[in-house]
Each structure stands twice: as C-alpha cells, then as structure tokens.
Amino acid sequence: MVIGFYQQQEKRLLKMSFYVAGLFVFVALGFAFITSSAAILFDGVYSLIAFFMALLTLKVANLVQLPDDDRFHFGYTAIEPTLNLFKSLIIVSTCLYAVISSVQSLFSGGNVSDYGFAIVYGIVATIGCFAATFYLRINSKALRSDLVAVDAHTWFVDGVLSASILVGFALAYGLQQSEFAHFAPYVDPLLLIVLGIAMLPIPFKIMLESLNEVINKAPPEAVSAIIEKRLKKTLVDVPYEHVEVRISKVGRDKYLLVHIIVDESFSVATISELDDIRKKCESEMKEWDPSIIMDILFIRDPELAE
C-alpha cells in the first residue's frame, strides 16, 4: 500500500510538471513574439524542452516501477539515469547555443525589445517557476525519485532564468528613460550571455552524476563508508574476518554485492541458516534505506571476493 502510494504520488507530481510546462511554453513564446526578446525566446525554448522531457519522464516513471522480465533481467531502473543524462545534455547544448547566438547579436548592435511587456512576463514567469519548484520539493521529500528531483532542478533553473530576465529588463527600461538609452539594446544579448553561462553548472552537475550511474561507477567513498558501517552492524552475530562490499547506484536503487569472508569458527548445519542471516541483514538494511537491493555471499577464500 505504501509503495503504491509513493508511485501514485510520483506520477501525480510529474503530470503536474508536464501540464505546467506546456502552459509556460505558450506564455513564453507568446511574450517572445510581442516583445521581440531573444532572452524570452530562450526561456520559451527551455520551457519547450522541459515540456517534451516531462512527457518522456512520465513514460520512464511507469517503466522503472515494472518488475524485471525476460528482456531486462535487472529491471528498468537503468533507464532513469539515462533519461536524466539526456535531459542535462539537451539543456547544456541549449545554453551554449544561446550564448553563441547572443555574442553574435551583441556585435551586430544588440536587440531592441518591448521592455514593459518583458517586465510583466518576468514577474509572471518567476512566480510560476519558483512555485512549481517549491511544490515539487515539498511534496517529493518522502519519495526516493531522481526523476522528481531533476524536474525540481529544471524548474529552479527556469525560475532563476525568469528572475534574471525580470531584473535585466527592469534595468533596460530604466536605461531607456535616461540619457543612456542607446545602451538599452545591448541588455537583451548581454543578459542572455550571463544567463546561459550561469545556468550551465546545474545541468552539468546532473550530467556527471547521471553518467556515473550509467557507467556503473561506485558512489563517493564517504557514502560507501556509511553503507558499509551500517551493514557490519547487521552482522554482529556472524564470525567473519572481512566484509567486501561493492556498491552501485542506478536510478532509485542501490545495489550491494556483499562477500562475507568468514573465519574458521563459522559453522552452519543447513543452508536455511545462511538464508536466515541473509534475511535478517537485508531486512535491517532495507529498514534503514528502502532503496537497497542486496546479494550476500559467504566465502572462506579471500581471493573469491576479488
């Protein structure tokens, strides 16, 4: 029941993100047409990308909840970081394109925009994007969903973009009313250059994290140390010499391959006793972190753990 609730909650949040992204596409592109602003057009294109990515995310959210089958023996969770990697690459490419085109616009004399309507757009878009970010983060705290987390990051980036547009066009409007009016056309391309560069770290960070999961890289050593320490607490009744733990995070799952190198005093009468140790260990680890999936092997020869 609880798992089902979390799945439905995740889908509800992703659907909300999808519909709001669709609304923002029309709003941003409409204002871009009215104001002739490249910065607002960029925001609209970003919203359009977010819209199509949200559509893919909904599909992936359904897939990752399916059990393993004959085609995917380890389930569908690997699709999750693959999608996040794809989304971050698209956003990085969009930012770089915006910066390059804005540099060209800057050297060709800038871009004259309707700053009054641009300010209205900045207010509406900033409030909407940060409201979506806040809503996703608050309602997803109990979920172990990278999909929702990346969606929240996407809305946050869009919110920062919209807020910067608001500040930039307020400055341009002020310049237009002053003796420095001839500098106003340069605000739009300069703003887009600053925004494009400033936005890059967030999708770049997501890209690296997702790539690490796609190539099956181990989590940071500090994270692995915490997991290993917790695991050893579940084995206090088992006489062992060493525990070798290999950890892989893929999407919402953390997979642990555990080799327990037992000492000479370790003895069991039946295989069922080994199963009992496994069940106890896995139960306590899942109670601590429900995303953990484990395979436990008991060995005597340390070379078998290499």
Side-chain angles (χ1 to χ4, degrees), residues 7 10-25 28-29 41-66 68-69 71-101 129 132-133 136-137 140 143-162 192 195-220 248-255 291:
Q7 291 174 350
E10 180 185 54
K11 289 178 183 177
R12 185 178 66 81
L13 291 173
L14 293 174
K15 282 182 180 178
M16 184 278 296
S17 179
F18 170 71
Y19 289 126
V20 175
L23 175 63
F24 266 78
V25 171
L29 294 181
L41 179 61
F42 173 64
D43 199 18
V45 171
Y46 183 89
S47 296
L48 186 62
I49 291 170
F51 175 76
F52 284 112
M53 291 300 102
L55 185 62
L56 282 175
T57 302
L58 278 171
K59 178 65 176 175
V60 170
N62 290 322
L63 283 175
V64 296
Q65 291 164 5
L66 295 176
D68 51 20
D69 54 31
R71 293 172 58 209
F72 291 86
H73 291 183
F74 296 94
Y76 292 79
T77 53
I79 298 176
E80 193 169 355
T82 305
L83 173 64
N84 290 335
L85 176 63
F86 177 66
K87 289 168 73 172
S88 59
L89 281 170
I90 292 293
I91 294 171
V92 168
S93 301
T94 304
C95 291
L96 291 176
Y97 175 78
V99 170
I100 293 169
S101 62
C129 291
T133 303
L136 285 172
R137 286 182 176 175
S140 65
L143 304 176
R144 52 187 185 94
S145 171
D146 285 347
L147 295 176
V148 175
V150 170
D151 245 25
H153 277 302
T154 303
W155 279 109
F156 178 75
V157 170
D158 206 0
V160 172
L161 176 62
S162 300
L192 196 46
L195 291 176
I197 295 173
M199 283 171 60
L200 279 173
I202 294 179
F204 192 72
K205 180 175 179 289
I206 294 172
M207 181 178 70
L208 290 179
E209 290 175 350
S210 301
L211 181 61
N212 286 339
E213 293 187 25
V214 169
I215 64 175
N216 220 20
K217 185 179 178 181
S248 171
K249 182 184 181 299
V250 180
R252 62 198 61 199
D253 293 334
K254 296 186 187 75
Y255 174 68
S291 67

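The CG atom of Leu41 sits 10.5 Å away from the CG atom of Leu48 when rounded to the nearest 0.5 Å. Distance check: Ser17 OG to Arg12 CZ gives 12.5 Å after rounding to the nearest 0.5 Å. A distance of 9.5 Å separates OG of Ser88 from CD of Glu209, quoted to the nearest 0.5 Å. Distance CG/Asn212 to OG/Ser248: 10.5 Å, rounded to 0.5 Å.
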Evaluate side-chain contact (heavy atoms from CB on, under 4.5 Å) for Met16 paired with Leu136, printing each intermediate quantity in order.
CA-CA 9 Å; Met16 184 278 296; Leu136 285 172; 3.8 Å; yes
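Nearest heavy-atom pair, Leu96 versus Leu200, reported as atom, atom and distance to 0.1 Å: CD2-CD1, 4.0 Å. In plain terms, the two heavy atoms of Ser162 and Cys129 that are nearest each other are OG-SG, 4.0 Å. Taking all atoms of both residues into account, the shortest heavy-atom contact from Pro203 to Val92 is CB-CG2, 3.9 Å. Closest heavy-atom contact between Val20 and Trp155: CG1-CH2, 3.6 Å.
Residues forming a side-chain hydrogen bond (donor to acceptor under 3.5 Å, both in side chains) with Lys15 (at least two apart in sequence, or on another chain): none.
Distance alone, capped at 3.5 Å, places no donor-acceptor pair between the Ser210 side chain and the Met207 backbone.
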